[in-house]
Amino acid sequence: MRRLFAASAIAIVTAATALAAVAAEAPLIERAKLFGNPSRAAGRISPDGKWLSWLAPRDGMMNIWVAPTADPTKARPLTAEKVRPIRQYFWSPDASTILFINDKGGDENFLLYGVDVASGVQKSLTPFEKTRVQVFGLSRHVKDRILVGLNNRDAHWHDVYSLDLKTGQLTLVLKNDGFGGFGVDEQLRLRTASKPRPDGGVDIYRVENNQVAAKPEETIGFEDSSDTAPVGYTVDGAIRYWVDSRGRDTSALIAQDTHTNKRTVIAEDSRADITEAMENPITGRVDAYGVNYLKTEWTPLDAAIKPDLAFLKSHLKGQVSVTSRTDADDLWTVAADPVSGPATTYLYDRKAKRLTKLFVNRPELESATLAGMHPVAIKTRDGLTEVSYLTLPPGSDANGDGVPDHPVPMVLLVHGGPWGRDEYGYNGLHQWLANRGYAVLSPNYRASTGFGKTYLAAGNLQWGLKMHDDLVDAVDWAVKKGVTSRDKVAIMGGSYGGYATLAGMTFTPDRFACGVDIVGPSNLNTLLESVPAYWIAGREQMYRRMGDPRTPAGQAVLKAASPLFKADAIKRPLLIGQGANDPRVNQREASQIVAAMKAKNIPVTYILFPDEGHGFARPENNIAFYAITEQFLGKCLGGRAEAYGKAFAGSSITSPYGAEFAPGLQAALADHSPSGGGK
């Protein structure tokens with residue numbers, strides 16, 4: 001007993017020493033600087049090259065701004081949204097209008113709006129209720145219209161319409177009774193339609209004169225259905241591009257001659273899928289492709305673009321991406337992500353080989369002490385490799401070898417999806433947690449996308465099983481490497497990451513010191529009962545990867561993987577955040593596990609935002625939730641925390657249950673009157 005006690009005392013002193021070093025070298029960064037509105041973001045150039053655009057705050061809400069390319073200082077706001085921030089926008093082909101989508105209160109019923117650049121007049125282009133718009137076709141060569149999908153007739157399927165951008169007139173192109181997606185060429189003609197198969201695969205049909213062929217031209221099996229699809233045409237229609245995993249593990253980029261049907265592999269990589277490409281705006285040909293394994297690496301295919309990519313790589317630091325190109329392809333906007341600093345957007349003149357700095361998205365962080373990110377490859381217990389990303393507290397790793405001088409507390413930050421991935425680059429959550437004194441580890445567990453179909457399929461029916469083992473294996477790796485100690489690890493994440501948190505707290509209740517669940521499902525059967533109607537196209541794939549709720553056997557698999565039914569095993573502190581309007585993970589997923597814990601007198605803190613959906617769009621709500629989280633983690637792991645102060649200002653935050661279990665929360669709520677976005 002004496003030796004064990006001595007070892008524990010040494011661990012406490014070591015952790016305290018490491019955190020003291022962090023405090024000495026890295027001043028506390030205010031939450032608002034990390035999670036408040038960026039000063040500018042999403043820089044783009046108009047197709048004709050005359051205008052620059054970006055997102056920036058207007059009266060505290062992210063809106064679209066424009067400025068003449070010749071004088072970016074003459075910027076003016078183009079929109080005046082006051083309830084929900086604009087997060088996605090794009091230019092009309094003729095550069096006269098900027099188009100954007102927005103929803104209400106996080107319900108994900110995104111509608112399309114257009115704003116005339118000259119007059120500033122805004123109009124709703126899809127004025128419907130309970131409708132989610134999809135943009136099916138946008139061409140640089142057809143200037144006056146685009147193709148959109150609307151599910152206002154049948155919530156399950158999107159009918160295809162031609163939208164006249166000047167008049168707003170919608171003309172039906174194809175009534176959809178079972179197709180999940182469409183391929184469109186540069187003349188805005190429907191060329192293909194994809195239909196989900198009962199076995200989880202996909203059939204691809206030709207479309208001519210807006211009529212779908214009677215028989216499919218391609219049948220893609222379930223094992224390839226997530227990694228294989230046609231992705232576009234050249235301007236002359238001579239080549240159809242595919243990403244295709246058939247006959248290989250990782251998906252390749254393939255060019256199909258539309259006259260002879262001959263297929264040529266133009267890019268492939270055994271480590272990762274080809275998921276990124278640059279398309280020449282004049283010809284439509286792919287002139288470069290990106291491979292994202294540990295980091296994104298770009299390879300030119302066209303000799304004309306090779307000097308440009310080389311110039312950008314030599315003049316910019318970090319991860320570089322081309323975010324927009326003019327029709328003439330003479331001007332680009334380029335974003336440079338230095339990883340340990342805020343991203344910067346430039347205007348690039350190809351002919352002059354000149355970069356003009358436009359903006360830094362968070363200039364208030366330029367003087368902050370931020371942390372680097374280390375890509376690491378972790379072996380799972382059964383021999384798979386999970387690409388992961390580790391960030392260490394500033395000042396904790398004197399020799400820069402990716403291992404702290406002394407073990408520090410760690411947060412295992414699990415990505416959502418699960419069919420998605422974490423990537424190398426600036427990450428606000430990593431920087432915030434590292435600044436507070438924690439190592440942060442983000443593993444791409446099995447079922448993560450981008451690493452080939454075998455790795456994806458290894459997660460089939462493994463929710464709470466081998467997928468969770470991968471997370472535990474990542475923690476064990478960190479402990480063995482000396483990154484952290486076994487008793488100082490929290491688990492946190494959103495969506496599937498929230499589920500993983502609940503699974504960690506219930507299935508392995510002794511492995512994590514505490515957990516933070518953000519919009520995570522607790523009961524997989526009720527989750528699948530409530531998914532949006534328009535997810536029907538991917539339903540069979542989802543059931544095959546999770547469990548089929550239409551069968552008793554599938555229901556049993558889903559129940560066994562549901563943390564709700566093991567809620568009584570929870571023994572460590574848990575914080576839950578939820579949006580009331582979440583269409584993917586219904587509010588019931590949070591409320592039912594809170595009720596189960598309450599019935600067993602197990603402490604839990606439940607935070608609910610009435611004006612949010614699947615994740616929190618409003619910065620005021622993010623700041624409020626992360627204020628609670630860092631106080632919660634501080635008590636659990638011993639890291640630093642910024643005082644609440646005015647963290648709840650402008651937020652709609654409520655706490656239906658358990659405020660007394662989170663440090664200082666009751667007092668902070670007592671000083672706050674809920675406000676915010678409404679619906």
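Below, all heavy atoms of this structure are taken into account, side chains as well, without hydrogens, waters or symmetry copies. Just so it is clear, the model here is predicted, and its values are computed rather than measured.
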Hey, does the side chain of [X] reach the backbone of [Y] with a donor-acceptor pair shorter than 3.5 angstrom?
X: T69; Y: W51; result: yes
X: N581; Y: P610; result: yes
X: Y289; Y: I274; result: no
X: E612; Y: A617; result: yes

Would you please name every residue forming a side chain to side chain donor-acceptor pair (under 3.5 Å) with [X], sequence neighbours left out?
X: Y626; value: none
X: R140; value: D327
X: Y113; value: none
X: T345; value: none

Check whether any side-chain heavy atom of [X] lies under 4.5 Å from a side-chain heavy atom of [Y], and answer yes or no.
X: K175; Y: R153; value: yes
X: N292; Y: E276; value: yes
X: P93; Y: L165; value: yes
X: D269; Y: Y293; value: no
X: P77; Y: N63; value: no
X: I29; Y: L365; value: yes

Considering only NZ, NE, NH1 and NH2 on the basic side and carboxylate oxygens on the acidic side, decide whether [X] and [Y] come within less than 4.0 Å.
X: D94; Y: K143; answer: no
X: R87; Y: D103; answer: yes
X: E129; Y: K104; answer: yes

side-chain contact (heavy atoms from CB on, under 4.5 Å) partners for [X], two or more places apart:
X: S53; answer: R44, V66, Y89, W91, I98
X: K357; answer: T344, Y346, V360, E366
X: T275; answer: D273

Exercise. Establish, from distance only, whether the side-chain atoms of S324 and T333 form a donor-acceptor pair under 3.5 Å.
Key: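 A donor-acceptor contact under 3.5 Å links the two side chains.
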
Quiz item: According to the salt bridge (Lys or Arg N to Asp or Glu O under 4.0 Å) rule, which pairs have a member within residues 280-290, sequence neighbours left out?
Solution: D287-R325

Quiz item: When S651 is tested against each of F609, F625, F616 for side-chain contact (heavy atoms from CB on, under 4.5 Å), which residue passes?
Solution: F609

Among residues at least two apart in sequence or on other chains, which ones pass salt bridge (charged side-chain N to carboxylate O under 4.0 Å, His left out) with [X]?
X: K123; answer: none
X: K33; answer: none
X: R31; answer: E630, E642
X: R189; answer: D185

Quiz item: Taking the inter-plane angle between the rings of F182 and F179 on a 0 to 90° scale, is it parallel (under 30°), tilted (30 to 60°) or perpendicular (over 60°)?
Solution: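 If you compare the ring of F182 with that of F179, the planes turn out tilted.
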
Quiz item: Given the rule in the side chain to side chain donor-acceptor pair (under 3.5 Å) test, do N109 and T131 qualify, once you have shown the distances and angles that lead to the verdict?
Solution: CA-CA 5 Å; N109 285 323; T131 300; over 6 Å; no

Exercise. For salt bridge (charged side-chain N to carboxylate O under 4.0 Å, His left out), just list the numbers for D329 and R350, CA-CA rounded to whole Å, side-chain angles, deciding distance to a tenth of an Å, and then say yes or no.
Key: CA-CA 8 Å; D329 207 23; R350 292 186 70 195; 2.8 Å; yes

Quiz prompt | Steps toward side chain to side chain donor-acceptor pair (under 3.5 Å) verdict (N427, Y389) | solution = CA-CA 10 Å; N427 185 306; Y389 299 96; over 6 Å; no

